[in-house]
K.L.:
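Supplied in structure tokens, the structure appears directly below.
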Amino acid sequence: MSKINLKEKLMEYFGFDSFMIGQEETIETILSGQDTLSVLPTGTGKSLCYQLAGYLMNGTTVIVSPLLSLIQDQVSQFNFRGNGTAIGLTSILSYSEKKYVLKNIQSYKFVYLSPEMLSQFEVINALKQIDVSLFVVDEAHCISTWGPDFRPDYLDLNNAIVKLGTPCVLALTATATLNIQNDIMTQLKTEGRDFHKIIKSVNRSNIFLSVLKVHDESDKNKQLLNLLNKIKGVGIVYFSSKKKANEVSDLINNNTGLRSEPYHADLNDMARYTVQRQFMENQIDVICATSAFGMGINKKDIRYVIHYHMPADFESYVQEFGRSGRDGQQSIAIVFSQENDVFLQRNLIDLTIPDDDFIRMYFKKHKELVGLGEEKGKLLDYYYEKQSSVEEVQFLFRQRKIEKETGLQNMIMFVNSSNCRKQQILNHFGESKLIEHDEFCCSALFNVDVLQKIGLEKKIIKNDDKQLIQSTDNIISRLFKLS
DNA sequence: CGAGAGTACTATAAAGTACTCTCGGTGCATTATT
């Protein structure tokens, strides 16, 4: 292939005159036919990588995406640019629409779908008829973090790749620890091919990290309110319980001048969308969220992320605190640590992972149990249909339990460690770089004095002034949107 | 599992004790008979 001038193509298709970090390298590697894993920091335009590469390749680009909302966002951006070359193949389509799309699948240059959709016979069959030149897995860490727990179709992507004639594979994510990188590559690797890794440093030098030890829940609430009253800007408080997220959100509204809303899977789509919009427009100061809040949230000026409950593992921790400070400004992430929270995490592990007895019983009486809708059961259906043996499945879940327990242990060790917190994180990402620890880096234990030191202490402003500032902000942001 | 909330009990009433109950995350996709 003659050497393409990528910068020219970038200008031609997107109107930009320069690439962001990692983009050009990723596109070049794909165009040379290499399977690629790109771990690029958020906000560096990961989707541009496969979109430009996709335009420059002959066939269709298939993009696997974990959330309907992400698919809709992406497709509407294509439509905004004025070419109907992208389609989201999701359950939002009616039966007849879906049939039409599958029949005319060759007319789309980019096909977005969920792994579940890709597992459907008629979908993979339609895609087999056309030339798929690029297979993209967006938010590829889901393969490792969601696949084995509750979305088993993520474990079948390899199958789809082979059925589609082993097109070039691109896995994209913003944060993947060394374990997750390896997991992704193992899952997506096809025979005789190896992945090329493009890993940009995940070190977030503008996020100060710390841990705050508390005695019990009332102490925790007290410390949280105190902290929120002193800290500047907007932020997220992460919970491992929907109920607590609701309760504490009320607590914040009633005891601080801040406006807070909960965000978790019990809210319907409309409510979630509203909260997200309000947060984007600075009409909400604090989101009290579970892990449901995260992917696809593109607010750049989140100043703090607080973990009310200790994160389940390192991977979630890094993903979640990484949502602060995307504008590069000084931000802070604090984990509240109460010894009892370990039980909550451990129970969540037990809740989702079926034990030996359950698996044996389930396989024995499968027919009577199908459709009970139990979460553990749904996952087991997948293995039952794959005709795995009881012993194989028992082994698999025992391993999974050990993995998760190890993840939890690592988190406990991290919380109790007094070493440089950033260095510990880099080590988890397999980066050998040594951190130059300074007062903006981290502290083993949190003390409110650091807020002033790193410039995150709130200046006292009167409520009236605050209202005024926010309403002018809104007017300005609306004006910009209109132009 | 085990903390924390809630309830029952006592018997000047109020507040303390003992017991019981509840909790615990992430999302695709569902389709259809009279």
Side-chain angles (χ1 to χ4, degrees), chain A residues 64-72 88-99 112-123 137-139 141-157 160 214-221 237-248 262-269 272 288-297 307-313 315-317 319-320 323 338-353 355 370-376 378-379 381-382 401 404-405 407-408 411:
Chain A
V64 178
S65 174
L67 301 177
L68 293 179
S69 61
L70 293 181
I71 294 177
Q72 284 176 286
L89 191 53
T90 68
S91 60
I92 293 161
L93 300 178
S94 71
Y95 182 70
S96 54
E97 284 169 332
K98 185 179 164 192
K99 235 169 118 176
Y112 286 86
L113 38 60
S114 66
E116 286 80 6
M117 200 49 102
L118 197 58
S119 297
Q120 288 180 18
F121 179 74
E122 65 269 28
V123 172
V137 185
D138 201 9
E139 307 287 0
H141 58 275
C142 290
I143 292 175
S144 181
T145 54
W146 283 4
D149 280 350
F150 71 106
R151 291 184 72 177
D153 294 283
Y154 257 112
L155 307 177
D156 268 348
L157 294 180
V214 297
H215 306 110
D216 54 27
E217 202 163 284
S218 68
D219 184 28
K220 198 186 253 182
N221 290 338
V237 184
Y238 271 108
F239 295 81
S240 298
S241 148
K242 294 180 270 194
K243 201 178 152 196
K244 280 280 171 291
N246 288 337
E247 283 174 18
V248 175
Y263 187 107
H264 49 65
D266 282 353
L267 305 178
N268 61 38
D269 291 348
R272 284 203 212 189
C288 291
T290 62
S291 50
F293 190 75
M295 275 187 291
I297 310 292
H307 279 88
Y308 186 90
H309 293 119
M310 186 182 70
D313 50 44
E315 287 73 25
S316 344
Y317 175 50
Q319 278 273 341
E320 286 161 2
R323 288 175 187 133
Q338 184 195 350
E339 272 182 46
N340 304 330
D341 288 344
V342 175
F343 293 107
L344 200 162
Q345 299 299 356
R346 191 159 288 139
N347 289 335
L348 280 171
I349 296 176
D350 290 343
L351 208 70
T352 32
I353 302 184
D355 60 22
V370 164
L372 283 182
E374 199 183 335
E375 207 56 48
K376 278 182 193 174
K378 272 199 259 173
L379 197 57
D381 282 346
Y382 167 81
K401 195 160 184 167
K404 291 202 123 187
E405 182 61 38
L408 183 57
M411 203 60 225

K.L.:
Distance check needed: B:dG4 C1' versus A:Phe343 CZ, whole Å only.
P.N.:
14 Å
K.L.:
Which sits closer to the 5' end of DNA chain B, A:Thr290 or A:His215, going by the nucleotide each is nearest to?
P.N.:
A:His215
K.L.:
What is the separation between atom CD1 on A:Ile349 and atom P on B:dG2, rounded to the nearest whole Å?
P.N.:
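The distance from CD1 of A:Ile349 to P of B:dG2 comes to 15 Å, rounded to the nearest Å.
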K.L.:
Would you measure the distance from the C1' atom in B:dA11 across to the matching atom in B:dT17 and give it in whole Å?
P.N.:
15 Å
K.L.:
In whole angstrom, give the distance that lies between atom CD of A:Glu247 and atom P of B:dA3.
P.N.:
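After rounding, the gap between these two atoms is 18 Å.
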K.L.:
Just checking A:Asp216: base, sugar-phosphate only, or nothing, at a heavy-atom cut-off of under 4.0 Å?
P.N.:
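The answer is sugar-phosphate, as A:Asp216 gets under 4.0 Å only of primed atoms, P, OP1 or OP2.
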K.L.:
Give me the distance, rounded to whole Å, that separates B:dT12 from B:dA18 when you measure between the C1' atoms they each carry.
P.N.:
23 Å
K.L.:
Answer yes or no: does atom CG of A:Asn268 have more than 12 heavy-atom neighbours from other residues, nucleotides or ligands under 6.0 Å?
P.N.:
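More than 12 heavy atoms, drawn from other residues, nucleotides or ligands, come within 6.0 Å of this atom.
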K.L.:
Find the distance between CG (A:Leu67) and CE (A:Met295) and round it off to the nearest 0.5 Å.
P.N.:
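Interatomic distance, A:Leu67 CG to A:Met295 CE, rounded to 0.5 Å: 4.5 Å.
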K.L.:
Near A:Glu339 CD, under 6.0 Å, is it more than 12 heavy atoms from other residues, nucleotides or ligands?
P.N.:
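Not more than 12 within 6.0 Å, no.
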K.L.:
Of all the heavy-atom pairs spanning A:Met310 and A:Gln345, show the shortest one and how long it is.
P.N.:
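Smallest heavy-atom distance, with atoms named: O-NE2, 2.5 Å.
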K.L.:
Side chains of A:Pro66 and A:Arg151: does their closest heavy-atom pair fall under 4.5 Å?
P.N.:
yes
K.L.:
Check whether any side-chain heavy atom of A:Ser69 sits under 4.5 Å from a side-chain heavy atom of A:Arg272, and report yes or no.
P.N.:
no
K.L.:
Apply the syn/anti split at 90° from 0 to B:dT17 and say which one it is.
P.N.:
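With its glycosidic angle more than 90° from zero, B:dT17 counts as anti.
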K.L.:
Just wondering, do A:Tyr238 and A:Pro311 contact through their side chains at under 4.5 Å, heavy atoms?
P.N.:
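They are not in side-chain contact.
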K.L.:
Checking all strands, does A:Lys220 fall into the base, sugar-phosphate, or nothing category for heavy-atom contacts under 4.0 angstrom?
P.N.:
nothing
K.L.:
Taking pairing as Watson-Crick or G-U wobble with both contacts under 3.5 Å, can you name the mate of B:dA15, or confirm there isn't one?
P.N.:
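Paired with B:dT10.
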K.L.:
Does the pair A:Lys220/A:Glu217 count as a salt bridge with the N-to-O cut at 4.0 Å?
P.N.:
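No, A:Lys220 and A:Glu217 are not salt-bridged.
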K.L.:
Hunt down the Watson-Crick or G-U wobble partner of B:dC23, both distances under 3.5 Å, from any strand shown, or write none.
P.N.:
B:dG2
K.L.:
Suppose we define a pair by two distances each less than 3.5 Å, Watson-Crick or G-U wobble; what does B:dT33 pair with here?
P.N.:
none
K.L.:
Using OP1 and OP2 only, check whether a side-chain N or O of A:Gln345 sits under 4.0 Å from B:dT26.
P.N.:
no
K.L.:
Could you give the CZ-to-C1' distance, from A:Phe293 to B:dG27, as a whole number of Å?
P.N.:
17 Å
K.L.:
What nucleotide, of B:dG25, B:dA3, B:dT26, holds the atom closest to the side chain of A:Leu348?
P.N.:
B:dG25
K.L.:
Is the closest side-chain donor-acceptor distance between A:Ser316 and A:Asp313 under 3.5 Å?
P.N.:
yes
K.L.:
Taking for each residue the nucleotide of DNA chain B bearing the nearest heavy atom, is the 5' side occupied by A:Lys244 or by A:Glu217?
P.N.:
A:Glu217
K.L.:
Could you write nucleotides 17-23 of chain B as a row of B, S and -, 5' to 3', where a protein heavy atom under 4.0 Å of any base atom gives B, of only sugar-phosphate atoms gives S, and otherwise -?
P.N.:
------S
K.L.:
Do A:Asp153 and A:Leu118 have side chains that get closer than 4.5 Å, going by heavy atoms?
P.N.:
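Not touching, per the 4.5 Å side-chain cut-off.
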K.L.:
Between B:dT33 and B:dG27, how many Å separate the two P atoms, rounded to a whole number?
P.N.:
31 Å
K.L.:
Without hydrogens or angle criteria, can the side chains of A:His307 and A:Glu320 be said to hold a donor-acceptor pair below 3.5 Å?
P.N.:
yes
K.L.:
Could you tell me how far apart A:Leu70 (CG) and B:dG27 (C1') are, to the nearest whole angstrom?
P.N.:
12 Å
K.L.:
Which one, B:dG25, B:dG27, B:dG2, comes nearest to the side chain of A:Trp146?
P.N.:
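Among the listed nucleotides, the one closest to the side chain of A:Trp146 is B:dG27.
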K.L.:
Once each nucleotide of nucleotides 28-34 of chain B is scored for protein heavy atoms under 4.0 Å, what B/S/- sequence comes out, 5' to 3'?
P.N.:
BSSB---
K.L.:
Tell me the interatomic distance from A:His264, atom NE2, to B:dG27, atom C1', rounded to whole angstroms.
P.N.:
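A:His264 atom NE2 is separated from B:dG27 atom C1' by 16 Å.
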K.L.:
With rounding to whole Å, what would you report as the distance between B:dA14 and B:dA8 at their C1' atoms?
P.N.:
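15 Å, rounded to whole Å.
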K.L.:
Measure CD1/A:Ile353 against P/B:dC1 and give the value in whole Å, please.
P.N.:
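In whole Å, B:dC1 P and A:Ile353 CD1 are 18 Å from each other.
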K.L.:
I'd like the P distance from B:dC21 over to B:dT26, given in whole Å.
P.N.:
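The same atom, P, in both gives a distance of 28 Å.
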K.L.:
Work out how far the P atom of B:dA29 is from that of B:dT34, and round it to whole angstrom.
P.N.:
29 Å
K.L.:
In whole angstrom, give the distance that lies between atom CG of A:Leu351 and atom C1' of B:dG25.
P.N.:
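The distance from CG of A:Leu351 to C1' of B:dG25 comes to 9 Å, rounded to the nearest Å.
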